[in-house]
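Below: the structure, in structure tokens.
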Protein chains: 2
Amino acid sequence: MVLLGCMGEARAEDGYALWMRYVPLEPALAADYHARLADVVAPDQTPTQRAAREELRRGLTGLTGSPPRMQADASQASLVLGTPQSSTLIAPFRAEIASLGDEGYLLRRTRMGGRDVVLVAARRDIGVLYGVFHLLRLLQTGASLDSLDVRESPRLRLRVLNHWDNLDGHVERGYAGRSLWEWQTLPEWRNPRYTDYARANASVGINGTVLNNVNASAQSLAPAYLDKAATLADIFRPYGIRVYLSARFSAPIELGGLDTADPLDPAVQRWWRDKARDIYARIPDFGGFLVKANSEGQPGPQDYGRSHADGANLLATALAPHGGVVMWRAFVYAHDVPADRATQAYAEFAGLDGAFLPNVILQVKNGPIDFQPREPFHPLFGAMPRTPLMMEVQITKEYLGFATHLVYLGPLYEEVLRADTRGDRGGATVAQALSGMAGVANVGADASWSGSHFDQANWYAFGRLAWDPQNAARAIAADWAAMTFAPDPEVVQPIVGMMMASREAAVNYMTPLGLHHLMARGHHYGPGPWVDGGPRADWTSVYYHRADRAGIGFDRTDRGSNAVGQYAPGVAAMYGDLARVPEPLLLWFHHVPWDHRMASGRTLWNELVGRYSQGVSQVQAMQATWDSLQGRVDRQRYAQVAAFLRIQRREAQWWRDASVAYFQSVSGLPLPAGEAAPPHPLAWYEALQFPSAPGDGR
Amino acid sequence: MVLLGCMGEARAEDGYALWMRYVPLEPALAADYHARLADVVAPDQTPTQRAAREELRRGLTGLTGSPPRMQADASQASLVLGTPQSSTLIAPFRAEIASLGDEGYLLRRTRMGGRDVVLVAARRDIGVLYGVFHLLRLLQTGASLDSLDVRESPRLRLRVLNHWDNLDGHVERGYAGRSLWEWQTLPEWRNPRYTDYARANASVGINGTVLNNVNASAQSLAPAYLDKAATLADIFRPYGIRVYLSARFSAPIELGGLDTADPLDPAVQRWWRDKARDIYARIPDFGGFLVKANSEGQPGPQDYGRSHADGANLLATALAPHGGVVMWRAFVYAHDVPADRATQAYAEFAGLDGAFLPNVILQVKNGPIDFQPREPFHPLFGAMPRTPLMMEVQITKEYLGFATHLVYLGPLYEEVLRADTRGDRGGATVAQALSGMAGVANVGADASWSGSHFDQANWYAFGRLAWDPQNAARAIAADWAAMTFAPDPEVVQPIVGMMMASREAAVNYMTPLGLHHLMARGHHYGPGPWVDGGPRADWTSVYYHRADRAGIGFDRTDRGSNAVGQYAPGVAAMYGDLARVPEPLLLWFHHVPWDHRMASGRTLWNELVGRYSQGVSQVQAMQATWDSLQGRVDRQRYAQVAAFLRIQRREAQWWRDASVAYFQSVSGLPLPAGEAAPPHPLAWYEALQFPSAPGDGR
């Protein structure tokens, strides 16, 4: 009868289960957990309470091989879930959990009525659900419960996915199939996948989702689509996830028939007020709007001579009575190409600090350009003390090889969260400046959600770091690997090794030493350091690398664009000083002669070529590690990862060869000893075209 | 340990397994089959032999609960597979299977060495595989094997899916997610789904697949894409499936850098010859090209003053040395809007009969317009005796409510295959005129393959009817329902009832009585009988329905466009005579006064309104039938079908109301007694916009 519940053998490990596979633990451990936890006392009066019970049932059944016994009788309890309101067993802990906030929880082994008991206690139901996921993570990773005593509450209030999903199902910069949202069959059809999406998010504490692309269609705010969004909100609500929508600033014109979207126009203000009321009638806990305005062709308040604050406050006023927020993106740049694109968002927004209503949050990308393999932290994180800030990162890998390159982003997120905004080691980190994090989602309708098995780790790591930016990328990787593959050190350690090295590998074979924005035009697939011309200088590669016969790099010191001047003095002094700037950011901030002597003793030119080759070697090392895991990982996932690593190896070599060919054509220097010449002339690389590369904007 | 192989409970019945679920039969039957079939003697020397063994192993294990024993020793055999070459047990049947052709097979219960044995015998390995699928179908439907004696061979040589898949993953007129073909990760990653696709096709005898859209990109013929296609061909080959490509006629310009694609130009001829050689070097059994030329903006031979025969023969000459064919589409229409679009393909091609090389096959749509809910058969099927013809049908439901409407197309295919091209009951059916069938695929990356569970039946029925056009749509539906849901008459009968009524329901609520092409512009989602204006008259609705105050319908008699004159005299006489034309085609061929008396005794106007309402009632009846199956169908599929029926019900009502509102505005007549007025004024329906409706061409 096994087959009855188990169609499609070939898909058994297709990645759909994510890190919530709940496969049987080794027998002794399973028996121990079962003995400790099998008698569950848990409330079931609310949807969230039922979600927690159901997750526990699913997890314990899978992990221990036996379903837990759901007890009504408190004297039978070995595992107790609840809040002071929902459980008389938890009520005595009211004081102890008072400081945990609305989303926190306590996990504790204790004695109760003479029995050894594990508690999952929280002030609200959602905290209990989060606690259940935490407990299940401990079991999945084989942790001891002997001295269990965990108090957790999120450090950031807003932990939000941004879906760049169009209403026609295309996902901009998506590499995991079509949009998860099946608009055509909503609201009637509630795909069970929506619930699994909510479970996955809740398991890492993500508490919001923006359903539609920041390059928004006004249609998303039309009644038919609001009804569809409301159905999703109903499905997500038990999992603590609020729905948000990207709002097109000109919607009062397109949907409302007005002749202006001027934020100071009373009719426009009324339109947004009415629209907010319509939305909240359908979605009482609607989160609010995300807005991309006056950027890359999107409409915005500047079309009417108004400021970003005028625009944001217009929407904030409409949402405020209902408790909604406006997440206003700082990723804007002027129609006129500036001297340095990196300075633009700061120039636009730093002066508006204090001008926003309290329910406006400014959403700032992690770096001042655009989700590059490495950027310095965005200067706005140190510059807007009176404005709530969110950090926007990409989980999807637009500039990092798409889904086929194994690049674990935990170290990237960690690097920027821990960056010191004052440069005085006084603890003023980027993380300290944040009220939330937004991650541009990498999930779609692909069986594996993320288009690759390893990209699931980036979704996971985003959630864990948004919950607590002090989490360590390496520890997160270890948890993920244990849950996703197997809680066996001989599996986890090599996988964590691959993951932790992977981001540096990509930096090396794409954009070493602070180079950036060298990808092919438009789709960003593959190398394009030669990209020049076109509509805007700041959409080219040569604008950013500025290589010439003498040297390479963007002079952002006070002798150049003075982008360093947007940082606090301690930071500016470091970045602006050729002797002190960290080598990984060297060419971001400095134009440097080819014969500049690097820490390694090599010239810059030799170092640059060496880094490109090192990137390829690092991918080969990942392949060797993965090969060693054959037989320890199920066949289907093993095969896909191996195939994707072959693609990454081929493309890393392409990146290295094309980049070396190009930069050599500029520097005119010979390759360092031992470095192979690119197999094709530069023109061959330049001629490659990929009109159907995935994920392009349309 | 059940869970180990069985992640994602929620997806257990997500439709991925199609009609090859192989779930356990009821115990007595399972035991009987096991007793009869468990000792298998089957060759395993070729990929196709191994595919047959593996399918048998998978099927018998699932259906009977026990794996078969693969025996080397002939004296142990109870089930014997093979060809005279591959099996000494089958060799004695050489003469008996000589007439079955390369794809046929014999299934027989017989005695062998004193044992009761079932044979699956064929001349070639692929016949054995087809025979295994036939045998498994018998088991899945609970058939008796007592007097098993089946001889099958396909009546049509070419049984081909046409994928309208673009290289960027968008599927034109696709309602089942992105393209199955993951071009970005080919050739490295061989998604196991490709093999399951091949299994599904082989199970119904489909032996070819055109990978890319007829609105083709020349890139499909570039080396990088040929390498990817070759990998798919390698995966499909063991299942008897050849790969074909849609060829863009101007590829010699776009890829080859020539300044012409003139079929009489020697450089063009050389380019195609070289291209064919490149392809066959990668894909030795490449099937050939499908071409849409000089139609809807596609390039073609007429751009150079040459004929369709010149164009087709150019490619046929290039392919002939390698054994490939050209499938040349007859769906062309002139840039100048004709008096009657229905006459255009005939006008273009009938005179070319005999002008094509032998390896050209003309691919003709089932009807003279474009995959409408009902059309008369295409007049070319009776007009080109010297030209091999394929019939092209849509499996995807561009004009039939997309994936969300339950419309079983078996009756539509059957109706046209059985149509009498001479009108003399002499057996000259459309099926007799065919060398093959092409089905525009309805599959994509959705878990369910087809975007809905019931649309799987259309893929299935296409294959079964292409194998043998004399198969009955009802029997095919019964087989499908038994395999897909359960071999239980209390499940099968109601489902077959729904399926067999469903196409008439759609005709009624969309385009009753011979009306056609009334869908909204472009995406064809929902009603648009008012569509007028725009670039071409024959892209409007009013062009086709010609409704006015006096009456409705397109006069295609000899007093009108004389489209009837393209049919044989016996057919023309029937269609052209208002007294003899079948009522389902009335308004296709005649402009009829509103007060025309119908067979029912009602006036045409009253009949028309009545049919619209009847369509809605028929959907309600399907809902009631489905409701009665609750508990007999697994929860997930039950829920999705129920949700989709709710959508269909809502949209059928919308079709009825909008159409009645529109036609009443033209006829000026009162609604028949008992007919409800549309709830909105006509302008409301006309104003609805669906810019993100799926599947649109781009």
Side-chain angles (χ1 to χ4, degrees), chain A residues 1-17 21-24 58 61-62 65 166-170 175 177-178 183-185 188-193 195-196 217 219 402-404 444-447 525 636 639-640 642-644 646-647 650 689 691-694 696 698, chain B residues 1-17 21-24 58 61-62 65 166-170 175 177-178 183-185 188-193 195-196 217 219 402-404 444-447 525 636 639-640 642-644 646-647 650 689 691-694 696 698:
Chain A
M1 294 298 285
V2 170
L3 284 171
L4 239 184
C6 201
M7 301 308 106
E9 305 171 34
R11 298 170 82 208
E13 287 280 13
D14 61 3
Y16 184 83
R21 290 163 59 248
Y22 304 142
V23 296
R58 185 197 288 248
T61 305
N166 296 337
L167 297 180
D168 67 358
H170 178 74
Y175 313 103
R178 279 167 61 88
W183 295 113
Q184 188 71 14
T185 58
E188 283 92 347
W189 170 233
R190 298 171 169 231
N191 191 327
R193 188 162 193 160
T195 301
D196 289 325
S217 162
Q219 284 291 320
F402 302 173
T404 31
D446 266 11
Y525 174 61
Q636 182 167 343
Q640 192 188 77
F644 280 24
R646 286 195 296 278
I647 295 171
R650 169 167 60 78
Q689 296 291 327
S692 302
D696 210 350
R698 280 206 304 263
Chain B
M1 293 296 286
V2 170
L3 283 171
L4 237 183
C6 200
M7 299 310 109
E9 304 170 33
R11 299 170 83 209
E13 288 280 12
D14 61 2
Y16 183 83
R21 290 160 60 248
Y22 304 142
V23 295
R58 185 198 288 247
T61 305
N166 295 339
L167 297 179
D168 67 358
H170 178 73
Y175 312 103
R178 279 168 59 91
W183 295 113
Q184 188 71 13
T185 57
E188 282 92 348
W189 170 232
R190 297 169 171 233
N191 191 325
R193 186 160 194 163
T195 302
D196 288 324
S217 161
Q219 284 291 321
F402 303 176
T404 31
D446 266 11
Y525 174 60
Q636 183 167 343
Q640 191 189 76
F644 280 25
R646 285 196 296 277
I647 295 171
R650 168 167 60 78
Q689 296 290 327
S692 301
D696 210 351
R698 283 206 304 260

- request: Please state whether the side chain, the backbone, both or neither of A/Thr185 comes within less than 4.5 Å of a heavy atom of chain B.
  value: both
- line: Closest heavy-atom pair, A/Tyr175 versus A/Ala403, reported as atoms and distance to 0.1 Å, is O-CB, 3.6 Å
Residue part contacting chain B, namely of A/Gln640, when any heavy atom lies under 4.5 Å: both
- request: Measure distances from A/Ala639 to the heavy atoms of chain B and classify the residue's part below 4.5 Å as side chain, backbone, both or neither.
  value: both
- request: Mind ranking A/Pro694, A/Ala693, A/Ala445 by heavy-atom pairs under 4.5 Å with chain B and telling me who comes out on top?
  value: A/Pro694
- prompt: If you count heavy-atom pairs under 4.5 Å between each of A/Asn166, A/Ile647, A/Asn191, A/Thr195 and chain B, which one has the most?
  reply: A/Ile647
query: What closest approach, in Å, do A/Asp168 and A/Arg178 show between heavy atoms, and which atom pair accounts for it?
result: O-NH1, 3.4 Å
field: chain B contacts, top residue of A/Gly65, A/Gly177, A/Ser217 (heavy-atom pairs, under 4.5 Å)
entry: A/Gly177
query: What residues, two or more places apart in sequence or in another chain, satisfy side-chain hydrogen bond (donor to acceptor under 3.5 Å, both in side chains) together with B/Glu188?
result: A/Arg650
- request: Side-chain contact test, heavy atoms from C-beta onward, threshold under 4.5 Å: evaluate it for B/His170 versus A/His170 and give yes or no.
  value: no
- line: Smallest heavy-atom separation, A/Arg193 atom then A/Asp446 atom, equals NH2-O, 2.6 Å
